[in-house]
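Take a look at the structure set out below.
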Number of protein chains: 2
Amino acid sequence: MKSILFPLFEAFKKIQSISLDSIGELERLCEVKSYSKNGEIQGIGATCRTIYFVLSGVARIYYLKDGTEVTEYFAFENDLIVRAESLFTNTPSKKAIQALEDSVLVSISSEALYGLFEKQHDLERLFNRLVQNSYVETLRRLENIQFLTAEERYQKLLEEHPEIVQKIPLKYVASFLGITQVSLSRIRASIR
Amino acid sequence: MKSILFPLFEAFKKIQSISLDSIGELERLCEVKSYSKNGEIQGIGATCRTIYFVLSGVARIYYLKDGTEVTEYFAFENDLIVRAESLFTNTPSKKAIQALEDSVLVSISSEALYGLFEKQHDLERLFNRLVQNSYVETLRRLENIQFLTAEERYQKLLEEHPEIVQKIPLKYVASFLGITQVSLSRIRASIR
DNA sequence: CTGAATTTTTAACATATGTAAAAGGAATTG
DNA sequence: CAATTCCTTTTACATATGTTAAAAATTCAG
């Protein structure tokens with residue numbers, strides 16, 4: 001296998017060993033698509049039945065709160081991006097997925113993937129490990145937002161995910177941190 | 001099967017169908033224990049290798065932030081309670097589990113459970129569904145805390161989980177909402 | 001390259017929430 | 001039942017963050 005998917009599958013193997021057979025089956029479900037900067041990958045309203053991975057570029061999940069966008073998640077290379085609240089509850093999603101740069105993503109139908117799980121147990125394990133990792137990350141975010149000040153959260157983001165602060169417009173970073181753009185700007189000024 | 005575990009297993013069946021065989025195997029791993037009010041179920045520092053379910057009573061997960069307790073989660077009857085950040089990363093937990101009333105919990109060794117997964121695929125599915133549900137719940141909590149005011153969060157908690165406000169000391173509810181006790185008290189006064 | 005659009009910063013003011021201390025209530029224990 | 005401890009509310013004040021508007025800086029499109 002020497003496709004554009006190779007680095008992604010290598011990343012998978014670090015999480016869960018997968019048989020060659022499984023990789024072949026999985027590859028057949030992968031659809032690779034390009035999105036241009038600010039392009040919509042999935043819109044608000046549909047029930048999520050697709051799992052994405054970012055091959056290159058950056059994507060985000062966001063939703064509207066009182067007419068203004070709130071960013072919930074940023075995905076970089078090899079990251080899983082999925083609207084879990086919709087996929088796991090089979091209800092329409094209030095969230096959208098958008099490319100923040102020209103990006104290439106691979107999409108996998110969740111139904112087809114679940115079908116594969118019947119025979120390829122290692123893929124089911126892989127998927128569940130990915131979900132567990134996302135869950136742990138969300139728990140960490142909750143902790144931070146629950147009891148750190150805005151400035152502490154920004155400092156922590158700088159340390160742990162400098163790529164977010166560097167590559168992503170600050171207006172998106174602000175809502176990701178749970179604060180306004182103005183407040184983030186103030187914090188950045190006070191640190192300098 | 002006519003044990004104290006019956007209602008819990010019935011709740012499981014609503015999430016994922018399980019064979020009689022699997023139920024039997026699972027039952028053999030279950031250890032039922034009673035805890036008295038405010039008793040410690042698991043302390044801070046150890047790596048989590050145990051999964052709990054509340055059979056009766058209430059339990060919480062909390063951690064220390066600058067010497068004061070922050071409550072992260074409340075578990076009621078049939079709820080899963082587990083320190084996921086530790087279980088899924090194999091690192092020592094900074095969190096503790098405590099009974100808030102006289103409670104009965106069942107504990108299952110995660111290693112033993114994972115062992116069962118090799119033969120009882122339905123149990124693995126069940127466990128992963130439970131993790132997915134916890135993940136979705138955590139996402140919801142993150143959304144709330146990210147962009148609702150303290151008062152809105154309290155109102156929402158009243159609507160969605162009135163049992164928390166009714167049964168649990170407000171000092172614990174406050175940190176669960178990401179605010180101080182004083183602030184919660186103020187909000188309650190302003191609503192009356 | 002230039003003008004327009006977008007993003008970021010700054011300013012001034014409003015408000016929600018934090019902090020500390022004390023008082024009032026409720027629950028627990030001997 | 002009394003006494004102690006714990007929990008909740010109240011008060012007064014401090015501060016972080018929100019809001020609105022405008023200015024400055026940056027990016028984008030023709």
Side-chain angles (χ1 to χ4, degrees), chain A residues 35-40 57-58 60 62 64-71 74 98-103 143-158 162 164-192, chain B residues 35-40 57-58 60 62 64-71 74 98-102 143-158 164-192:
Chain A
Y35 299 87
S36 53
K37 182 169 180 173
N38 295 328
E40 183 174 80
V58 193
R60 67 166 181 146
Y62 72 95
L64 295 174
K65 150 84 183 163
D66 303 335
T68 60
E69 292 181 359
V70 176
T71 296
F74 296 114
Q98 181 190 34
L100 293 181
E101 301 177 352
D102 293 349
S103 303
E143 276 170 55
N144 288 344
I145 219 162
Q146 194 173 13
F147 268 97
L148 297 185
T149 65
E151 178 169 337
E152 289 169 325
R153 278 176 266 153
Y154 177 69
Q155 291 277 20
K156 205 157 192 172
L157 190 70
L158 266 182
I164 290 182
V165 182
Q166 284 155 14
K167 290 183 81 176
I168 291 181
L170 293 172
K171 61 174 183 169
Y172 299 147
V173 176
S175 72
F176 180 73
L177 288 170
I179 56 180
T180 61
Q181 223 184 127
V182 174
S183 199
L184 176 56
S185 202
R186 206 158 23 199
I187 286 164
R188 286 161 54 84
S190 81
I191 283 173
R192 261 184 270 124
Chain B
Y35 298 87
S36 53
K37 181 169 180 172
N38 295 325
E40 182 173 82
V58 193
R60 68 166 180 146
Y62 71 94
L64 294 174
K65 150 85 182 163
D66 302 335
T68 60
E69 291 181 1
V70 177
T71 297
F74 296 114
Q98 182 190 35
L100 293 182
E101 301 178 352
D102 291 349
E143 277 171 53
N144 288 345
I145 218 162
Q146 196 174 11
F147 268 99
L148 297 185
T149 65
E151 178 170 337
E152 288 169 327
R153 277 176 265 153
Y154 177 68
Q155 290 277 20
K156 204 157 192 170
L157 190 69
L158 266 182
I164 290 181
V165 182
Q166 285 156 14
K167 288 181 82 175
I168 290 179
L170 293 172
K171 61 174 182 167
Y172 299 147
V173 176
S175 73
F176 181 72
L177 288 170
I179 57 180
T180 60
Q181 224 184 123
V182 174
S183 199
L184 177 56
S185 201
R186 208 159 21 201
I187 286 164
R188 287 161 55 84
S190 80
I191 284 173
R192 264 184 269 121

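Quick note on labels: first sequence line is chain A, next is B, and so on, each numbered from 1. Because the structure is predicted, anything quoted here is derived from the model rather than measured.
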Self-check item: Spacing of OG1 belonging to A:Thr68 relative to CZ belonging to B:Phe147, to within rounding of 0.5 Å
Solution: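 If I round to the nearest 0.5 Å, the distance is 7.0 Å.
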Practice problem: Please figure out whether B:Ser185 or A:Arg186 has its closest DNA chain D nucleotide nearer the 5' end. | Solution: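 Residue closer to the 5' terminus by nearest nucleotide: B:Ser185.
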Whole Å only: how far is the [atom1] atom of [X] from the [atom2] atom of [N]?
X: A:Ile187; N: C:dT10; atom1: CD1; atom2: C1'; value: 15 Å
X: B:Leu148; N: D:dG18; atom1: CG; atom2: C1'; value: 15 Å
X: B:Leu184; N: C:dT19; atom1: CG; atom2: C1'; value: 16 Å
X: B:Glu151; N: D:dG18; atom1: CD; atom2: P; value: 17 Å
X: A:Lys65; N: D:dG18; atom1: NZ; atom2: P; value: 13 Å
X: B:Phe147; N: C:dA16; atom1: CZ; atom2: P; value: 16 Å
X: A:Asn38; N: C:dA5; atom1: CG; atom2: P; value: 17 Å
X: A:Lys171; N: D:dT27; atom1: NZ; atom2: C1'; value: 12 Å

Quiz item: Between B:Tyr154 and B:Arg188, is there a cation-pi geometry (under 6.0 Å to ring centre, at most 45° from the normal)?
Solution: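 No - B:Arg188 does not lie over the ring of B:Tyr154 by the 6.0 Å and 45° rule.
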Quiz prompt | A:Glu151/A:Arg186 salt bridge by N-O under 4.0 Å criterion | solution =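 No salt bridge links A:Arg186 with A:Glu151.
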Counting side-chain heavy atoms from CB outward, which of [options] is closest to [X]?
X: A:Gln181; options: D:dT9, C:dT7, D:dT17; result: C:dT7
X: A:Val182; options: C:dA11, C:dA21, D:dT8; result: C:dA11
X: A:Ser183; options: C:dT17, D:dT17, C:dT8; result: D:dT17
X: A:Ile179; options: D:dT9, D:dG18, C:dT9; result: D:dG18

Practice problem: Verify the contact: side-chain N or O of A:Thr180 to OP1 or OP2 of D:dG18, cut-off strictly under 4.0 Å; return yes or no. | Solution: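 Checking D:dG18 against A:Thr180, a side-chain N or O does come within under 4.0 Å of OP1 or OP2.
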Exercise. Please say which of B:Asp102, B:Leu100, B:Val58 ends up in a side-chain contact (heavy atoms from CB on, under 4.5 Å) with B:Lys37.
Key: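 That would be B:Asp102; it is the only one of B:Asp102, B:Leu100, B:Val58 passing the side-chain contact (heavy atoms from CB on, under 4.5 Å) with B:Lys37.
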Exercise. Check each of B:Gln98, B:Arg60, B:Lys171 against B:Thr71 using the side-chain contact (heavy atoms from CB on, under 4.5 Å) test, and report the only one that passes.
Key: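 Result: among B:Gln98, B:Arg60, B:Lys171, B:Arg60 is the only option passing the side-chain contact (heavy atoms from CB on, under 4.5 Å) with B:Thr71.
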